[in-house]
Q: 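Questions regarding the structure given below will be posed in turn.
All chains are named by letter (A, B, ...) in the order of the sequence lines, taking the proteins before the strands, and each is independently numbered beginning at 1.
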Number of protein chains: 2
Amino acid sequence: MPATKQTDQVCCPSVIDAPLSEAEAADLARVLGALADPVRLRLLSLVAAQEEICSCELEAPLAKSQPTVSHHTKVLAAAGLLVGEKRGRWMWWRVDPARLAAVRTALGG
Amino acid sequence: MPATKQTDQVCCPSVIDAPLSEAEAADLARVLGALADPVRLRLLSLVAAQEEICSCELEAPLAKSQPTVSHHTKVLAAAGLLVGEKRGRWMWWRVDPARLAAVRTALGG
DNA sequence: CGTATAGATCGATATCTGTCAATGTACGAG
DNA sequence: CTCGTACATTGACAGATATCGATCTATACG
């Protein structure tokens, strides 16, 4: 058996460092699951391309129905990747860059 | 409408740069889907903790049946995250660090 | 007030996915 | 060649998920 190579890291457990605990793996899998959908990835990139964007401007470029868009924004927001603010009748969405950076770090960044 | 902020990048389309095409989003979603499972994340971290590891050594720490482990290694290999080599009766797995780095880049690295 | 609009939620449906028992395949030991 | 082991594949099943039409909620405007 080859020798074990393992690095200790206090913050932000990474996949390529110490073996993940079940809880850490479940948390990371939840965020990655939110990202693992082509519609949500395009949605995220559309939001990131602007400072802010409202839900009503997502249906057309994504070619999805209003309930479907609402579903995807909800999933991304639950994962902490999108932050929403309701102003008047409109829901405005922003990307949380720190959250995305945390995912990269967990992937061995 | 706030102004558009957009950066051009030749290589490795990133979620936070130009809006992803449907094809780019589908590709990225496929790899992220491979990562979006707690068992596969722990499997990956187990492989990464060693230079190499054989399938038979994964069942116990993952507490999954042999067919299930085989299924997960296949998914990770199909995503390019794991590279397998059969030597004798054993299947040896390694992590492809470049592939993982590509995912980080696609996530705005 | 009533009406129109943005969005969330519900219900139904089709598809995908994780899991394991059973079975198949390939390889080494004797 | 025969037997046991390591792994892959198949089939079945339960649970999750993406999607949309219909409906509900909240807000703005007369």
Q: Rounded to the nearest 0.5 Å, what separates atom CD in B:Glu52 from atom CH2 in B:Trp90?
A: 13.5 Å
Q: Rounded to the nearest angstrom, tell me the gap between atom CZ in B:Arg87 and atom P in C:dG28.
A: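 Nearest whole value for this atom pair: 13 Å.
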Q: Near DNA chain D, under 4.0 Å by heavy atom, which residues of residues 20-42 of chain B?
A: none
Q: Are the side chains of A:Trp93 and A:Ser55 in contact, using a 4.5 Å heavy-atom criterion?
A: yes
Q: Give the minimum heavy-atom separation between B:Gly108 and B:Ser14, together with the two atoms involved.
A: CA-OG, 3.2 Å
Q: Please report the C-alpha distance between B:Val95 and A:Val15 in whole Å, then the side-chain angles of each, then the deciding distance to 0.1 Å, and finally whether the side-chain contact (heavy atoms from CB on, under 4.5 Å) criterion is met.
A: CA-CA 11 Å; B:Val95 173; A:Val15 175; over 6 Å; no
Q: Tell me, do B:Leu35 and A:Leu28 make a side-chain contact under 4.5 Å, heavy atoms counted?
A: no
Q: Rounded to whole angstrom units, what separation is found between the CH2 atom of A:Trp90 and the P atom of D:dA26?
A: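 One finds 18 Å between P of D:dA26 and CH2 of A:Trp90, rounded.
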Q: Give a yes or no on this: more than 12 heavy atoms of other residues, nucleotides or ligands lie within 6.0 Å of atom CD of B:Glu59.
A: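 Yes, the 6.0 Å shell around CD holds more than 12 heavy atoms from other groups.
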Q: Quick one: B:Trp92 CH2 to D:dC7 C1', roughly how many Å, whole number?
A: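 It is 14 Å, rounded to the nearest whole Å.
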Q: Going by number, which of residues 70-86 of chain A have a non-hydrogen atom under 4.0 Å from DNA chain D?
A: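 Contacts with DNA chain D under 4.0 Å: A:His71, A:His72.
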Q: Is there any protein nitrogen or oxygen under 3.5 Å from a nitrogen or oxygen in nucleotides 13-15 of chain C, and what are the pairs?
A:
none

Q: Can you confirm whether A:Arg104 sits close enough to B:Val103 that some side-chain heavy atom of one is under 4.5 Å from a side-chain heavy atom of the other?
A: no
Q: Of the non-hydrogen atoms in A:Ala25 and B:Pro38, which two are nearest, and what is the gap between them?
A: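 For A:Ala25 versus B:Pro38, the nearest heavy atoms are CB-O, 3.5 Å.
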Q: Working to the nearest 0.5 angstrom, can you tell me the gap between A:Leu44 CG and A:Arg42 CZ?
A: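 The distance works out to 12.5 Å.
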Q: Report, one line per pair, each donor and acceptor closer than 3.5 Å where one atom sits in a side chain of residues 71-82 of chain B; sequence neighbours left out.
A:
residue, atom, partner, partner atom, Å
B:His72, ND1, B:Arg40, NH1, 3.1
B:Thr73, OG1, B:Val69, O, 3.2
B:Thr73, OG1, B:Ser70, O, 2.8

Q: Tell me whether A:Val83 is reachable from A:Met91 by hopping between hydrophobic residues (I, L, V, M, F, W, Y) whose side-chain heavy atoms are closer than 4.5 Å.
A: no
Q: Check DNA chain D against residues 62-69 of chain A and give the residues with a non-hydrogen atom under 4.0 Å, in numerical order.
A: A:Lys64, A:Ser65, A:Pro67, A:Thr68
Q: Check every atom of D:dC7, C:dA4, C:dG7 against the side chain of A:Arg89 and return the nucleotide holding the closest atom.
A: C:dA4
Q: When you compare the side chain of B:Leu43 with that of B:Asp37, does any pair of heavy atoms fall below 4.5 Å?
A: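 No; the side chains remain at least 4.5 Å from each other.
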Q: Round to the nearest Å and state the distance from A:Ile53 atom CD1 to C:dA6 atom C1'.
A: 15 Å
Q: Is there a side-chain contact between B:Ser65 and B:Thr68, using heavy atoms and a 4.5 Å cut-off?
A: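 B:Ser65 reaches B:Thr68 side chain to side chain.
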Q: Both distances under 3.5 Å, Watson-Crick or G-U wobble: on that basis, could you give the dot-bracket string for DNA chain C, with [ ] for crossing pairs and | for other-strand partners?
A: ||||||||||||||||||||||||||||||
Q: What is the distance from CD of A:Glu59 to C1' of C:dT5, rounded to the nearest Å?
A: 12 Å
Q: Which atom names give the shortest non-hydrogen contact between B:Ala36 and A:Ala36, and what distance separates them?
A: CB-CB, 4.3 Å
Q: How close do A:Leu20 and A:Glu24 get, counting heavy atoms only, and between which atoms?
A: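 That would be CA-OE1, 3.5 Å.
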Q: With the side chain counted from C-beta on, respond yes when A:Leu107 and A:Leu32 share a heavy-atom pair under 4.5 Å apart, and no when they do not.
A: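 They are in side-chain contact.
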Q: Please state how far atom CH2 in A:Trp93 lies from atom P in C:dA8, giving the value in whole angstrom units.
A: 6 Å
